[in-house]
Protein chains: 2
Amino acid sequence: MIPQFLKRLDEFSTLSDATQAQLQEYISVVEVPKGEFILKHQEVCRYIFYIEAGFARQYYYKDGKEVTEWFAGNRDFCFSITSYFDGTPSNLLIEAVEDSTVIRLHRDGILQLSKTNPEIAQLAIQMFARSLKFSQLRTESILFQSARDRYLHLLDTKPYVIQKVPLAHIASFLGISQETLSRIRAKV
Amino acid sequence: MIPQFLKRLDEFSTLSDATQAQLQEYISVVEVPKGEFILKHQEVCRYIFYIEAGFARQYYYKDGKEVTEWFAGNRDFCFSITSYFDGTPSNLLIEAVEDSTVIRLHRDGILQLSKTNPEIAQLAIQMFARSLKFSQLRTESILFQSARDRYLHLLDTKPYVIQKVPLAHIASFLGISQETLSRIRAKV
DNA sequence: TTGATTATTTGACGAATGTCAAAGGATTCT
DNA sequence: AGAATCCTTTGACATTCGTCAAATAATCAA
């Protein structure tokens, strides 16, 4: 499982055997049962998480209500950006929507080792660049696409989401009310 | 001017004299008159731009209309994320709203040198981490704040914007119509 | 299975916002 | 100054969307 994960990282930037060995010490695998948290509220996010199997939802609380930020499915990465970089307690919660196998890459394995190992620095740069592009795309989709289009896009790219989480979570992810989403759905 | 810029970079991550000398070759200063472009449409974004003096607007076209993405004022950084990382032609335009002094850091100075110089790799990581946090904050503000709150926040953080650009640009930045912004303004 | 809980849909209504149109200000250029 | 252009405000109206409330459907546990 860990070799596969290293191979996945290698796609971002080539990693020598020595670097892979170095990284191994910062990699751990955890099984998270449905309903449990991959990242708890107020916990400092010390890892980049990789959903090897299963499915997770990222959300936080806004005015007492859950607001879904993202769904992380098969082989997606996820982490709390602010907490990870600043070492502050996370407002973001990451919850396993179903039993999940999660591979964790400790931040020291990236942020510390990157200071001395250029390969790891490259890995970090590539991973963060990727996150940055994703974040950018997300902003654009929110700004320029209607809720309806974004729903259709979600259907297109992550069809399994619709089976796995309640409508209300998808609605909060799209930034619209549950009723509106229900009505959008009725017309498709 | 360039020493000051290096000092600014040094705030992200400490840079030795040798590294600073190395970076210098990738730094250039350009004067951009009002109305001219810092980054043209369809041009590949080969630099991270730093607005030393003056003021710029980032925007692109959506259905034939200009949509403002961001304002870059005093000592702000800006670049087209997608174009910069992928080397694709930029959809984003960066226009000088007033005569501006722009310091450009060539992407080779970051992406290439970071492969061999760990200090530059750290700089890259810190800069991209910062961009990532900004991007994240922007997304949250769009999703969870009303247009009115975002306008007030803009007034709070970049009050000079209101003097410098027409209302329509601010409205498109906020994602609302010009008329709505005018009405919001009438009530403040 | 049955009842309890949770999830989804539907209807009615009001608030917020977009669009179209027009008027009034402000700025720029000659 | 005067004309032309650009910018901003205002009004009227239609549309979208959120909220509240209730009904229906689906899921789960005893």
Side-chain angles (χ1 to χ4, degrees), chain A residues 33-36 55-57 59 61-68 71 93 95-99 140-155 158-188, chain B residues 33-36 55-57 59 61-68 71 93 95-99 140-155 158-188:
Chain A
K34 175 176 178 174
E36 302 278 307
F55 187 60
R57 180 172 71 102
Y59 64 97
Y61 286 97
K62 170 77 182 174
D63 301 331
K65 285 179 194 166
E66 292 183 4
V67 177
T68 299
F71 302 102
L93 295 84
E95 181 183 341
V97 169
E98 51 186 39
D99 295 352
E140 287 175 17
S141 87
I142 292 171
L143 220 40
F144 304 129
Q145 288 183 262
S146 66
R148 185 167 187 281
D149 288 343
R150 280 189 292 134
Y151 174 70
L152 294 176
H153 184 252
L154 184 68
L155 267 186
K158 293 183 185 269
Y160 48 88
V161 170
I162 279 80
Q163 330 298 337
K164 298 189 182 185
V165 303
L167 196 67
H169 294 166
I170 298 171
S172 78
F173 167 70
L174 295 173
I176 58 178
S177 75
Q178 174 174 332
E179 293 90 337
T180 299
L181 179 52
S182 176
R183 285 173 182 124
I184 285 172
R185 213 143 77 144
K187 280 184 204 159
V188 176
Chain B
K34 175 176 177 174
E36 300 280 306
F55 188 60
R57 180 171 70 102
Y59 65 96
Y61 286 98
K62 170 74 183 175
D63 301 331
K65 285 180 194 166
E66 293 182 3
V67 177
T68 299
F71 301 103
L93 296 85
E95 181 183 341
V97 169
E98 52 186 38
D99 294 353
E140 289 174 16
S141 86
I142 293 171
L143 267 181
F144 306 127
Q145 289 182 261
S146 66
R148 185 166 188 284
D149 288 344
R150 281 190 291 135
Y151 174 70
L152 293 177
H153 183 251
L154 183 67
L155 267 187
K158 294 184 186 269
Y160 48 89
V161 169
I162 279 79
Q163 330 298 336
K164 298 188 183 186
V165 304
L167 196 67
H169 295 165
I170 298 171
S172 78
F173 167 71
L174 296 173
I176 59 178
S177 74
Q178 174 175 332
E179 293 89 337
T180 299
L181 179 53
S182 177
R183 285 175 182 122
I184 285 173
R185 212 142 78 141
K187 281 185 206 157
V188 176

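Lettering of chains follows the sequences in order, A, B, ..., and the numbering in each one begins at 1. Only heavy atoms go into these numbers, but all of them, side chains included; no hydrogens, no water, no symmetry mates.
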Asks: Rounded off to whole Å, could you give me the CG-to-C1' distance for the A:Leu181 and D:dT16 pair?
Replies: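 My rounded result for the distance is 15 Å.
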Asks: Output the distance between atom CD1 (B:Ile162) and atom OH (B:Tyr151), rounded to the nearest 0.5 Å.
Replies: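 So the gap between those two atoms works out to 5.0 Å.
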Asks: In degrees, rounded to 10°, what is the bend between the two ends of the helix from C:dT1-D:dA30 to C:dT30-D:dA1, using five pairs at each?
Replies: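 What I find for the helix from C:dT1-D:dA30 to C:dT30-D:dA1 is an axis angle of 50°.
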Asks: From CZ of A:Arg185 over to C1' of D:dA26, roughly how many Å is that when rounded to an integer?
Replies: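 In whole Å, D:dA26 C1' and A:Arg185 CZ are 13 Å from each other.
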Asks: For the CZ atom of A:Arg185 and the CZ atom of A:Arg148, what is their distance to the nearest 0.5 Å?
Replies: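 Interatomic distance, A:Arg185 CZ to A:Arg148 CZ, rounded to 0.5 Å: 13.5 Å.
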Asks: Between residues 165-180 of chain B and DNA chain C, which residues have a heavy-atom gap below 4.0 Å?
Replies: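 Contacts with DNA chain C under 4.0 Å: B:Gly175, B:Ile176, B:Ser177, B:Glu179, B:Thr180.
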Asks: Measure from CD on B:Gln163 to P on D:dT8 and round the result to the nearest Å.
Replies: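 B:Gln163 atom CD is separated from D:dT8 atom P by 11 Å.
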Asks: Please evaluate residues B:Ile184 and B:Leu174 with respect to the criterion side chain to side chain contact (heavy atoms under 4.5 Å, CB included), reporting the C-alpha separation (whole Å), side-chain torsions for both, the decisive distance (0.1 Å), and the verdict.
Replies: CA-CA 12 Å; B:Ile184 285 173; B:Leu174 296 173; over 6 Å; no
Asks: Between C1' on D:dT27 and NZ on A:Lys34, what's the gap in Å once rounded to a whole number?
Replies: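 These atoms are roughly 10 Å apart.
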Asks: Got a second to check how far B:Arg150's CZ is from B:Phe173's CZ, nearest 0.5 Å?
Replies: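 B:Arg150 CZ to B:Phe173 CZ: 7.5 Å, rounded to 0.5 Å.
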Asks: NZ/A:Lys164 to CD1/A:Ile170 distance, rounded to the nearest 0.5 angstrom?
Replies: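 Atom-to-atom, A:Lys164:NZ and A:Ile170:CD1 are 12.0 Å apart.
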Asks: Take atom CD of B:Glu66 and atom C1' of D:dC7, then tell me their distance rounded to the nearest Å.
Replies: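 The answer, rounded to whole Å, is 14 Å.
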Asks: Minimum heavy-atom separation for B:Val97 to B:Arg57, with atom names?
Replies: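 Shortest heavy-atom contact: CG2-CB, 3.7 Å.
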Asks: Report the distance from atom OH of B:Tyr59 to atom CD of B:Glu95, rounding to the nearest 0.5 Å.
Replies: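 The OH atom of B:Tyr59 sits 4.0 Å away from the CD atom of B:Glu95.
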Asks: So, A:Asp99 side chain and A:Lys34 main chain: donor-acceptor pair closer than 3.5 Å or not?
Replies: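 Pair found, side chain donor or acceptor close to backbone of A:Lys34.
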Asks: Between P on C:dT10 and CD1 on A:Ile184, what's the gap in Å once rounded to a whole number?
Replies: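 In whole Å, C:dT10 P lies 14 Å from A:Ile184 CD1.
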Asks: Quiz question: going by heavy-atom distance under 3.5 Å, is there a donor-acceptor pair between the base of D:dG11 and the side chain of B:Arg183?
Replies: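 For B:Arg183, whose side chain was compared with the base of D:dG11, there is a donor-acceptor pair (under 3.5 Å).
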Asks: Can you tell me how the ring of B:Phe55 sits relative to the ring of B:Tyr160, calling it parallel under 30°, perpendicular over 60° and tilted otherwise?
Replies: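 If you compare the ring of B:Phe55 with that of B:Tyr160, the planes turn out perpendicular.
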Asks: Can you tell me the distance, in whole Å, between the CZ atom of A:Arg148 and the C1' atom of D:dT16?
Replies: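 My rounded result for the distance is 14 Å.
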